[in-house]
Structure formats: structure tokens, C-alpha cells
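The next block holds one structure in the form of C-alpha cells; read it before the comments.
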Amino acid sequence: MDISGLNEQQKLAVLKTDGPVMILAGAGSGKTRTLVTRIAYLLEDLHISPFQVLALTFSNKAAREMRERISSMVEADIGSLQITTFHSFCARVLRSEANYLGLSKNFTIYDTSEQKAVVKAILSRHGVSTKEVSPFEVMYYMDDLKNNGHYPGRDLSSADYEIEESDTFFTYYQQYEAELHKANALDFGSLITGVIELFEKFPEVLKRYQDRYKYLLVDEYQDTNRAQFELVRMLSEKSRNVCVVGDEDQSIYSWRGADIRNILDFEEMFSDAKILKLEQNYRSSKNIIEAATQVISRNSQRKGKSMWTDNPHGEDIEIIECLNDKKEAEFISNKIVELDKADKPYKEIAVFYRTNTQSRLIEDYLRKCNVPYRVVGGVKFYERKEVKDLLAYVRVVVNDRDSLALSRIINVPARGVGATTLRKLEEEAIQNNCSLWEILDRLVASPEDYKHIRLSAKVKSALNHLVTLINEIKVSSDSVAPSSLYEKLLHESGYWEFLKSSKDYESQARMENLEELSSALVQFEQSNDNPTLMSFLETITLDTTTKSEGEIDEERDNGEVSLMTIHGAKGLEFHHVFVSGAEENVFPSYRSLDEGETGIEEERRLFYVAMTRAMEKLYITFAQGRMLFGQLRFNGPSRFLTEIPEKFYRWRKPSGGTQTSGQSWGSSDNVIDDFNQDSNYDEVPVYQVASYEEVVDAPKAKFAKGAKVVHSLYGEGTVLDSSGIGKEEKISIKFSDGARKKFLVKFAPIVLA
DNA sequence: TCGACGATCGTTTTT
DNA sequence: CGATCGTCGA
């Protein structure tokens, strides 16, 4: 293996194959290249069988990329090389060892919406309305347990988390788990904890896997949760050849359970661990790297790396202060048009935002300017109602104990089986201690046994038809191609007809989606050795990469501008990057602001990720006023802007328009008033910066309850409520027209009347 | 059983 | 503002 092109640290990372290694790889430091070379080195030079290597990633995209790069590097057939996501790996293990845990190998995987449905059912069973307890709270609670590696009945003596068993949420959790078990289903979290349970309860099974996988690699290690860490620890306990690669500064999924302790405590967990740092950045200009380094250095939760680069200094970062969100979108579009005129390909340009909703305005303006773009992420194909419906049919075929799927389709299309009838059938299932499907199946097979369930002739015949259809498909599922089974389901269930005859203007689009689902299935058949409905279901629940994302590489012209959330941008790079909406309450998001310092640090990492995607040029834009939740808000520039030292940027702000003087945000001398923007907001805010000046350092609440105030946009009002002091002061105002609104005093154009 | 209409409430989303 | 949800009424 030729490793002469690697730097010294990278070489060490490739060659140190024995014992635990943690590679802290900064943004753009050649992380994937190193990882891929390391695997190639194992196979080619050390002659390790691909069968003995397991590489775990988070996304299917990362797994695919790694596999492709390795296969182009080595001679050997890497068919048996396992490069896969944590979840796929666990699903595979659990399918082959299903019997140990009382599962059946055709188990269904529930996604978040199905998880929610089960939680709702349990809450309603307890007579708890979703208003009293939000299903999300329960889901969050359960996810938290699972992220920590908990499964029902786990021995907690060695666990590093605690459980209050008298907690009603714990009861909900237990019932939820029981419910999933009955349905022969697992959710994302229990795919991981299921394997932990398997390994803990059956050491001989664990030993088999330990013996097989002599070399373990974990990518994006900063995003692992505690459960995944446990899994890694167990698998590598014997060989101790574990190599994890991550960057604590790019940990942006803590809200999904990623635990930064996995990085910070790695050395404690693996006492003989070797820590390597990849600190040379090959991606970005010096300006960008140094600025980003300054920003991230404010975080306390980090191991600490010092990134550097040999790349040229590059252009200044540009911070653009826009009058409002429309002007921001307009600026970005115009700039992109300019870049295009300078022969910069669209595909080298990306626009990032904190939340998906922010894409709309930007899209509008890009369209106006005839700039081709694609939105990465957004509405997922497999989350569409009609797709979910059809997949529910498929799920029932694959796993008839999946009562949730069955109840979803039992009356879709409408068969006259309403909530009441369904309730009766479910009651009967509970009485008989069997699944909903078994009741239906028996009811159709021997109706005389179920005379006590009073059903109309119409309902009976409808159920008969449904059950017969499902049974026919089940019988032929071994001999008939999945796509043919799908077609049969689609048409004989009446779903297609139902859409066709529907006058709903959306049903045309729905039909197209179902055709797309069909072609996805055909495509799946063509690219898999042993395609089954089960494996198709698993693939689409565990791999959400949309088809269009894969097609982009084929694009051989200028391509398209990429629009995405910053989360979606991780791992990518672009020559020209726009980070939009750099305002307080947007980025950092208002939600993380009340989480305190932890929240801010995660947002800062997000900001760091955003900055370090840029290779040549970085534009950061923000709007003075933004339409948010239906009202115009004045949030002020993001604190992260002030964390970039002045020498790295030029701050441009509007001149002319209705901008009032006295603006003080870009306080430095590198502010350039060269950027003319007239407002075309219908209701142009009269900008009263004076109040901002006065309020910002106020030692006590400026606006007390009951005070009469004037808002430059909304007029006169009375303060209803006030909280926080100084910069944190928030007030709610009742205006003379009766409207009630809340403001962050610091930025609201409000004065005492 | 279905639809229409208010009330509600707003992150991020690898799997 | 807008999607989503639950509650009514037919």
C-alpha cells in the first residue's frame, strides 16, 4: 500500500493497527482518506481477510462512499467486508439471532411516526390526553433510556445511568416495549439495545462476533451514543483492535443522544489507547480556517486541536447585514448570478440555513434569477401518506403481527371498517391473547366462531377480501418477484382505484408517487441478489437517502446550487458557501438558548461545521428583521459573528433604503456601506436603534408589568408580563388592537410611552 | 365516517 | 405565516 502521499499523522493512523486508537480528525483533514487507506492496508499488506473487518458508520452515504473508495484501492474482493451503519449491522445481527430474544427474523422496524403512534395508543389507554402529556415527551424519555443502552430488565448494577422505576413514564416505556414485542417490531433505538441485550445474555453469541471481527473501525465517533459505545466496547473487548475516528468540534447530534463523553473519556475506557490528531486542513483557505478555529476555541467541552493549513490566505469572509429576510435571499441570489457570470459552476456553490423553513424564500429568489438549485433533505418520499399506506400493506404481508400496520390499512381505502369496528376487533384480539391479524384471519376462515362480533354483511365481505388478498400474497411471496406482489397489492386492495376516482387534486400526484415506489422496488430487485419484500422494507427504513441525491454525480454541466440545513452539510465541501440567517434566536436557535451553555456550545459547533465547509469563499448573511412565525422579528446578529476576529472579515451593510442612522452592530472600521438595498417589505419597520442602545446595558428590567409602551411597528400597548433582565429581558405586550406579542427587549423597537 | 373549520404552535433529523 | 391536530357537525 502506497502511503507516501499521507502526512506523518495520517501515516501513523494507518499503520497503528493493533490496540485501541482514537483519531481526532479536524474538518477537512483527510479523515476519510486515512480511514480508507487504513482498511486497504489491513487487507493488502497485513493480509487480513475482509471477513474480519467491521467498519461502522452513521449514514448509508458515508458507508457507500467508503466502500467505493476501498474497492478502487485494493485488488481483493471486498464483498465480505462489512462497511455498514450501526443500525443495519444490528438489524442483521438480530435477524440471524432472532430466536435468542424471542423475536422472529422477519421483525418490522418502526420509524419515528410509528413509534409515536404506539405511544399515543398507550397514553390513551391510560386515559391521558396528548395535551396533558405530549407523546414526544414520552418518546424523548424512552429514547434517552435506549441511547444509554437500557433494555427492559437490564441489570443496572454496572450501568452509568439511573432509572426511577416509579416514574409513570417508566411504566409507559415498559408497556411500549411490550407492545413492540407483541408486534414483532423494533424501533431504531432498540435495534442497538437489542444487540446489547443479546450479547449480555448470551456470551457465547458475543464470542462468535468477537472472534469474527478482529478489526473494528468507527467513523463519526463524536456522534455515537452511549449504547453504541457499549456495543463497540463489547465487540472489541477480545481483539482490542478498535479504531475510532471523530471530531468533538463537529458533534452536532447531541439532541439525538450523541454523547461527547465517548470522545472525552476514550482514554479512560481504553487505558492503552493511542490518540492521534489530524490537524492539517486541506480544504479551506487560511482565512476561513483561522476564523473558524477562533470561534470554536470558545467551547469548553473539547479535547482541543489546533487546525492549520498550508493553503493560501484567500479572500476575506464577508458578513452581510440585510434589511430583512427577503433582502437576504435577494442578495444571495444576486451574488450567485454574479458567481455564475464569473464562470463559477453552480455545483460548487451551497447555501446553508439553520432550519428547513428558511429555504423557501431563498428558493423563490433563485427561481426568479433562473438559478438551478436542489434542496437536499426536505420532505421525505417515504414519509408521504400514500407511500406509508402501501408500505403498511407490505408490512402486514411480511410480518402479520404488525398490528399497527394492519390497523392503518384496515380501512384504507374505506371499507366501512371504522374506529368502532376496529375497536371491537382489537378487543377480541386482547381477549384471545393473539394478534389483530389472527382474529381477522380466523374470522374469515370460520365466521361461525365469531357470531358475537356483530358485523354488517358489507364489512364482512370487505374483510374477507382483504384477508384473502394478504394471504394470497403471503403464499406466493417466495416464488413471485416483490414488484409483482406490490402491483397486486396496489390494485387488488382497491387503493389505486380509490385514488383514480378521487376528485382530490392531490391524488394525481399520489398516484405518481406510488408509481415511483414501484420503480424503486424494481430498481431494488435489479441491484440485489436476493430481493424480498422484507429486505426492501428494511432498506427503506434504514436508508433514507433519496434517489435524487445519488443522481447528482452524473450531472456533467454546471450542476445546481445546493440548498441544505447545516446538519445536512456535514461531511461536504463547497468552493463558495453562504451561511444564511446568522441571527440570535435563529442561529443559535431560540430553543437552544434556553438550554444554557450546553445548547450554545452545540450551536457553536454547528456554526463551526458551517464555516469549515467552505473552500474559497465564505459569505455569512443575516437580516435585521425577519418574518418568523407570522410576525416580523428583530433578533440582532448572531453572537457567533462577534466571535470572529475582525481581521478575518468585511462587514457590509445597507446604505440608503429606510435604514436609520446610528446602527451599531458592525461596530468596527471594516464596515462598508456599499450595498444598496431598498426595502420592499409592505410594512417597512421604522428602525429605532436608539432603544436598542439604551436597553442593552440596562441593569434592571426596563419595562415593568403594566407599563405603557410604544412599538414602532405595532403602536401603543401595555406590558402584560416581563421576564429576565438586561439582555435577557423578555416582555409580552397587549396592543391597543387587542393583539398580544412577545419581544426580546434587547432588539425590539420599543420605547416607554 | 368524513370533511371542514378553528386552535395551536412552532429546531436540527445520519438511523 | 403554515402545517398539523383535534373537535365538531352533518
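In the text below, chain A, chain B and the rest are named by the order of the sequence lines, each starting its count at 1. What you see is a predicted model, and the numbers here were worked out from it, not measured in a lab.
- Using atom P as the reference point in both dT13(B) and dT4(C), the two lie 15 Å apart (nearest Å).
- Annotation: of the two residues near DNA chain B, V417(A) and K570(A), the 5′-most nearest-nucleotide partner is V417(A).
- Taking atom CZ of residue F136(A) and atom C1' of nucleotide dT11(B), one finds them 12 Å apart after rounding to whole Å.
- Each of F629(A) and A419(A) was matched to the nucleotide of DNA chain B holding its nearest heavy atom; the match closer to the 5' end belongs to A419(A).
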Practice item. Starting from the C-alpha separation in whole Å, work towards a yes-or-no answer on side-chain contact (heavy atoms from CB on, under 4.5 Å) for L425(A) and L436(A). Key: CA-CA 7 Å; L425(A) 294 166; L436(A) 181 59; 3.8 Å; yes
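- Applying the Watson-Crick and G-U wobble criteria (two distances, each under 3.5 Å), dT11(B) pairs with nothing in any strand.
- In this structure, CG on D389(A) lies 9.5 Å from OG on S493(A), to the nearest 0.5 angstrom.
- The pair K570(A)-E220(A) meets the salt-bridge criterion, since a charged nitrogen lies less than 4.0 angstrom from a carboxylate oxygen.
- Counting any heavy atom pair closer than 4.0 Å across all strands shown, Y253(A) reaches a base atom.
- Between the side chain of R354(A) and the base of dT12(B), a donor-acceptor pair under 3.5 Å is found.
- Taking a cutoff of 4.0 Å between a charged side-chain nitrogen and a carboxylate oxygen, R639(A) and E583(A) do not qualify as a salt bridge.
- An OP1 or OP2 oxygen of dT13(B) is reached within less than 4.0 angstrom by a side-chain nitrogen or oxygen of T565(A).
- Remark: P of dT12(B) and CZ of R591(A) are 10 Å apart, rounded to the nearest angstrom.
- For R256(A) and dT15(B), a side-chain-to-base donor-acceptor distance below 3.5 Å is present, hydrogens and geometry of angles not being considered.
- A syn base is found at dT11(B): its glycosidic angle is within 90° of 0.
- Nearest nucleotide to the side chain of H567(A), out of dT15(B), dG10(B), dT12(B): dT12(B).
- Residue Q358(A) is classed as having no contact, given no heavy-atom separation below 4.0 Å to the nucleic acid.
- Taking atom CG of residue N60(A) and atom C1' of nucleotide dT14(B), one finds them 8 Å apart after rounding to whole Å.
- Per the geometry, CG belonging to N147(A) stands 15 Å off P belonging to dT14(B), to the nearest Å.
- Using a 4.0 Å heavy-atom distance criterion, G416(A) is classed as a sugar-phosphate-only contact.
- For F578(A) and F352(A), the ring centers are positioned 6.0 Å apart or more.
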Study note, to complete from the structure: Per-nucleotide protein contact along nucleotides 3-10 of chain C, 5' to 3', at a 4.0 Å heavy-atom cut-off (B base, S sugar-phosphate only, - neither), is S-SS----
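- Evaluation of the side-chain contact (heavy atoms from CB on, under 4.5 Å) rule for E137(A) yields S134(A), F169(A) as partners, not counting sequence neighbours.
- Between L231(A) atom CG and dT15(B) atom P the separation is 17 Å, expressed in whole Å.
- Between the CD1 atom of I192(A) and the P atom of dT14(B) there is a distance of 15 Å, given to the nearest Å.
- The backbone N or O of N262(A) lies less than 3.5 Å from a partner atom in the side chain of Y221(A), making a donor-acceptor pair.
- For N356(A), the listed nucleotide lying nearest its side chain is dT13(B); candidates were dT13(B), dT11(B), dT14(B).
- Between the P atom of dT15(B) and the CD atom of Q115(A) lies a distance of 16 Å, rounded to the nearest Å.
- dT11(B) has no base stacking with the ring of W255(A) when judged by centroids under 5.5 angstrom apart and an interplanar angle below 30°.
- Residue contacts shown for S589(A) include a base, since a base heavy atom lies under 4.0 Å away.
- Annotation: ring-ring contact (aromatic ring centres under 6.0 Å, His included) contacts of F524(A) (sequence neighbours excluded): F536(A).
- Taking atom CG of D223(A) as the reference point, atom C1' of dT13(B) lies 12 Å away to the nearest angstrom.
- Ionic pairing of E427(A) and K424(A) is not present here: no N-O contact between side-chain nitrogen and carboxylate oxygen is shorter than 4.0 angstrom.
- Nucleic acid contact for Q228(A): none, since no nucleic acid atom lies under 4.0 Å from a heavy atom of the residue.
- Here S592(A) lies in heavy-atom contact (under 4.0 Å) with a base.
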